Amino acid sequence: SVDLPPMNKRVRVRFAPSPTGGLHLGGMRTVLYNYLFAKQQKGDFILRIEDTDQSRYVAGAEDYIFNCLEWAGLEPNESVVHGGEYGPYRQSERKTTYHQYAEQLVKDGHAYYAFDTTEELEKMRQEFKTESQPSPQYDHTIRMKMRNSLSLPEEETKRLLEKAIPYVIRIKIPEKETISFQDLIRGEVSFDTAVVDDKVLLKADGMPTYHLAVVVDDYLMKITHAFRGEEWLPSAPVHILLWKYLFGLDQMPAWAHLPLILGPSGKLSKRDGAKYGFPVFAMNWTDPKTGELTEGFKEKGFLPEAFINLLALLGWNDGSEQEIFTKDELVDKFSIERVHSGGAKFDYEKAKWFNHEWIKKLPAGALLEPVKVLFAEKGIDIPDLNLVKSIISLVKDRCTLLTDFYEQSHFFFKPPVQYDLGAVKPKWNETKQLFFAELVRNYELAGHWDAATLENNFKEIAAVNELKPGELMLPFRIMLVGGKFGPGVFDIAAILGKEETIVRISQALDAFKNE
RNA sequence: GGCCCGUUCGUCUAAGGGCUAGGACACCACCCUUUCACGGUGGUGAUACGGGUUCGAAUCCCGUACGGGCUACCA
């Protein structure tokens with residue numbers, strides 16, 4: 001065999017945001033798989049987004065997508081914002097190119113002009129609607145009954161074009177042909193052209209539809225691989241025919257159709273998230289038209305590392321029992337052939353588990369920034385970063401979401417404003433009061449202020465007074481933090497420091513007495 | 001309706017003709033811990049159904065059922 005120079009892989013992901021904006025889990029996973037594959041092949045990762053300045057889209061949709069990718073660490077090498085050698089990347093700036101290819105298809109007899117108005121199309125659908133065919137298609141069975149350059153006399157077509165009557169260009173699908181291709185995930189998939197309709201390629205406004213744009217762009221941008229959602233499978237025959245007519249089937253990129261991500265009932269939707277209380281977007285998105293907020297994984301308290309990890313495992317695994325992967329490991333181990341062909345239901349509980357594992361796994365230093373932001377939002381200034389690091393180390397095992405850090409550690413920065421007296425009062429007595437008074441005197445004289453010393457002294461005093469330490473630890477906890485929560489009491493006291501610990505005990509003793 | 005894709009514990013999945021169908025989440029019990037977690041040990045729980053092929057099928061083939069997607073001058 002001969003060693004050929006490796007062909008530069010150019011992996012492309014292409015999509016449009018929903019008209020209301022946002023970027024859902026399925027879209028995000030498509031980006032991720034394309035990214036992983038591109039990096040693994042040491043190729044380029046290219047992002048194509050439909051022009052979002054069209055009226056059907058909402059403002060800010062494009063920036064939002066790039067922000068999400070930046071947060072998740074999936075930035076493309078080439079895109080409408082990052083640039084590249086194959087621009088322009090905006091569809092509106094490529095109009096003449098699309099037009100040329102569409103005209104070429106007409107000239108070669110693979111496409112035709114259609115002058116039908118919306119009303120005429122509607123009328124056709126009503127007219128040909130039958131029991132067995134509830135949604136008639138514009139296909140070989142009826143194209144000759146419509147107003148297009150195939151059914152009209154040549155002069156009439158010419159006249160209509162000269163009069164600038166609005167028209168679209170439709171592909172002329174062959175009547176009877178079997179089309180098949182090799183999907184990287186599913187193997188051979190085939191279709192019968194008899195049931196494929198004459199899709200519009202060029203719209204009346206001169207813009208291409210997805211079908212034309214994806215083929216022309218992929219060719220001109222030298223795309224070698226493209227993974228997209230399963231919902232595109234039915235239109236694959238149209239794209240294959242366009243490749244055949246325009247550039248040759250040997251030029252076609254390799255395709256993989258990814259399974260859908262399912263919600264509790266059917267395809268995962270924004271509504272599912274709202275209904276069941278879990279995020280479906282990477283980051284918060286507010287629809288500027290309606291003001292409706294859709295919560296994101298980031299703001300919900302997810303780490304990007306966990307987000308990538310859980311997304312990758314939703315429909316793929318490496319065959320081992322490993323579930324926690326860094327991005328580098330994913331790049332290394334990902335294989336498109338191992339992606340499942342069946343859809344996967346999203347499980348929020350498992351998603352949270354991934355985040356918990358990542359919080360436990362990452363060193364405190366890596367969590368510092370998001371925790372700082374969290375506390376800043378709650379109006380708490382963090383003075384000493386090293387102190388916060390030790391606090392993070394102490395509590396991170398019990399935090400599932402980043403937002404849990406507030407609940408788990410706010411008392412280090414603010415003394416309790418009220419006490420869970422119900423947990424102390426019933427068993428409170430003079431002896432315990434005296435014990436804590438003695439504890440304060442002991443702690444004031446303590447030379448070493450560390451958890452082990454504090455615990456020893458605490459237990460010694462308890463023994464001398466013939467008290468069970470167990471009965472004193474809960475009151476002690478409540479004195480320091482106000483309730484039944486937080487890490488080990490002596491760890492808390494050690495971090496609070498001598499002065500603050502003694503102040504909190506004394507204040508609590510007063511509060512208990514007054515009750 | 002038509003076309004396409006799919007189907008292993010409740011969920012994500014492993015097993016590519018051959019061990020008692022393995023792991024993870026969730027759930028339950030116990031241990032650890034006098035807060036809550038983490039952690040540890042164990043448990044409940046699945047090859048959609050029916051036919052073939054085969055010495056042998058979760059695995060290959062056919063049918064049925066069920067689920068999903070598409071069926072726009074949206075992507």
Side-chain angles (χ1 to χ4, degrees), chain A residues 14-19 27 49-50 54 56-57 114 116-118 121-122 125 129-139 166-170 183 185-186 189-192 194-197 199-211 213-214 228-237 257 259-260 262 264-267 310 313-324 340-354 356-357 360 395-400 404 407-408 420 423 468-474 476-478 481 483-489 492:
Chain A
R14 172 178 196 125
F15 58 91
S18 80
I49 301 183
E50 303 306 314
Q54 292 174 49
R56 60 185 295 262
Y57 293 114
D116 315 278
T117 62
T118 319
L121 288 171
E122 183 51 36
R125 289 194 182 106
K129 195 158 123 182
T130 61
E131 192 87 341
S132 61
Q133 176 56 289
S135 51
Q137 305 188 110
Y138 201 119
D139 61 15
Y167 66 90
V168 300
I169 291 180
R170 286 179 181 270
D183 186 281
I185 296 172
R186 288 152 215 276
V189 182
S190 54
F191 305 87
D192 186 349
V195 294
V196 180
D197 62 334
K199 290 272 182 242
V200 170
L201 301 178
L202 202 70
K203 299 188 265 185
D205 63 2
M207 288 292 274
T209 59
Y210 173 89
H211 308 297
V214 75
R228 60 186 177 185
E230 192 185 345
E231 67 269 27
W232 285 106
L233 210 39
S235 53
H257 289 87
L260 265 10
L262 277 12
S265 55
K267 194 174 167 182
L310 73 93
L313 271 282
L314 207 52
W316 170 85
N317 74 87
D318 74 341
S320 74
E321 281 172 5
Q322 183 177 353
E323 293 196 275
I324 303 299
H340 291 187
S341 40
K345 199 176 281 184
F346 174 67
D347 181 359
Y348 187 47
E349 292 307 317
K350 183 100 185 205
K352 284 193 292 192
W353 174 80
F354 275 107
H356 193 184
E357 291 301 308
K360 284 190 288 177
V395 304
K396 72 195 184 94
D397 282 3
R398 59 193 73 209
C399 294
T400 297
D404 293 338
E407 184 60 30
Q408 291 296 338
D420 181 357
K468 285 184 196 157
E471 284 181 29
L472 299 161
M473 279 162 73
L474 186 60
F476 188 30
R477 166 179 301 282
I478 287 166
V481 310
K484 291 192 275 188
F485 50 80
V489 256
I492 297 174

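We name chains A, B, ... by the order of the sequence lines, and we start the count at 1 in each one. This is a predicted model, so every value here is computed, not measured.
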Task: Sequence-distant partners of A/K352, salt bridge (charged side-chain N to carboxylate O under 4.0 Å, His left out), two or more places apart - done: A/E349

Open item on the list: What I want to check is whether an N or O donor and acceptor connect the side chain of A/R398 with the base of B/C36 at under 3.5 Å.
Closed with: yes

Open item on the list: Is there a side-chain contact between A/R14 and the phosphate of B/A75, meaning an N or O under 4.0 Å from OP1 or OP2?
Closed with: no

- [ ] Please state whether the phosphate of B/G39, meaning OP1 or OP2, lies under 4.0 angstrom from any side-chain nitrogen or oxygen of A/K360.
- [x] yes

- [ ] Would you mind telling me which of B/U71, B/C5, B/U35 lies closest to the side-chain atoms of A/E230?
- [x] B/C5

- [ ] Enter syn or anti for the glycosidic conformation of B/C38, syn applying to angles within 90° of 0.
- [x] syn

TODO: Decide whether a cation-pi geometry holds between A/R170 and A/Y138; the criteria are a distance under 6.0 Å from NZ or CZ to the six-membered ring centre and an angle within 45° of the ring axis.
DONE: yes

TODO: Considering just the side-chain nitrogens and oxygens of A/H340, establish if one lies under 4.0 Å of OP1 or OP2 belonging to B/A14.
DONE: yes

Task: Complementary nucleotide of B/A29, counting Watson-Crick and G-U pairs under 3.5 Å - done: B/U41

Task: Listed nucleotide nearest any side-chain atom of A/N317, set B/C73, B/G69, B/A14 - done: B/A14

Open item on the list: Please determine whether any donor N or O and acceptor N or O are separated by less than 3.5 Å between the side chain of A/K350 and the base of B/A24.
Closed with: yes

Open item on the list: Nearest to the A/K345 side chain among B/U71, B/C73, B/U11, which nucleotide is it?
Closed with: B/U11

TODO: Could you tell me whether the phosphate oxygens of B/C74, OP1 or OP2, come under 4.0 Å of any side-chain nitrogen or oxygen in A/K203?
DONE: yes

TODO: Could you please name the option among B/C73, B/U35, B/G22 that lies closest to any side-chain atom of A/K484?
DONE: B/U35

- [ ] Using the six-membered ring wherever Trp is involved, compare the ring planes of A/Y210 and A/W232 and label them parallel, tilted or perpendicular (cut-offs 30° and 60°).
- [x] parallel

Task: Nucleotide nearest A/P134 when distance is taken to its side chain, options B/U71, B/U13, B/G1 - done: B/G1

- [ ] Please tell me which of A/L474 and A/Q54 maps to the more 5' nucleotide of RNA chain B, matching each residue to the nucleotide holding its nearest heavy atom.
- [x] A/L474

Task: Base B/G1 paired with A/Q133 side chain (donor-acceptor, <3.5 Å) - done: yes

- [ ] Using modelled atom types only, decide if a donor and an acceptor are shared between the side chain of A/T209 and the backbone of A/V200 within a distance under 3.5 Å.
- [x] yes

Open item on the list: Quick check on RNA chain B: between A/A351 and A/M473, whose nearest nucleotide comes earlier from the 5' end?
Closed with: A/A351

- [ ] Let me know the distance between CZ of A/R477 and C1' of B/A37, rounded to the nearest Å.
- [x] 11 Å

Task: Who pairs with B/C9 - Watson-Crick or G-U, where each distance is under 3.5 Å - done: none

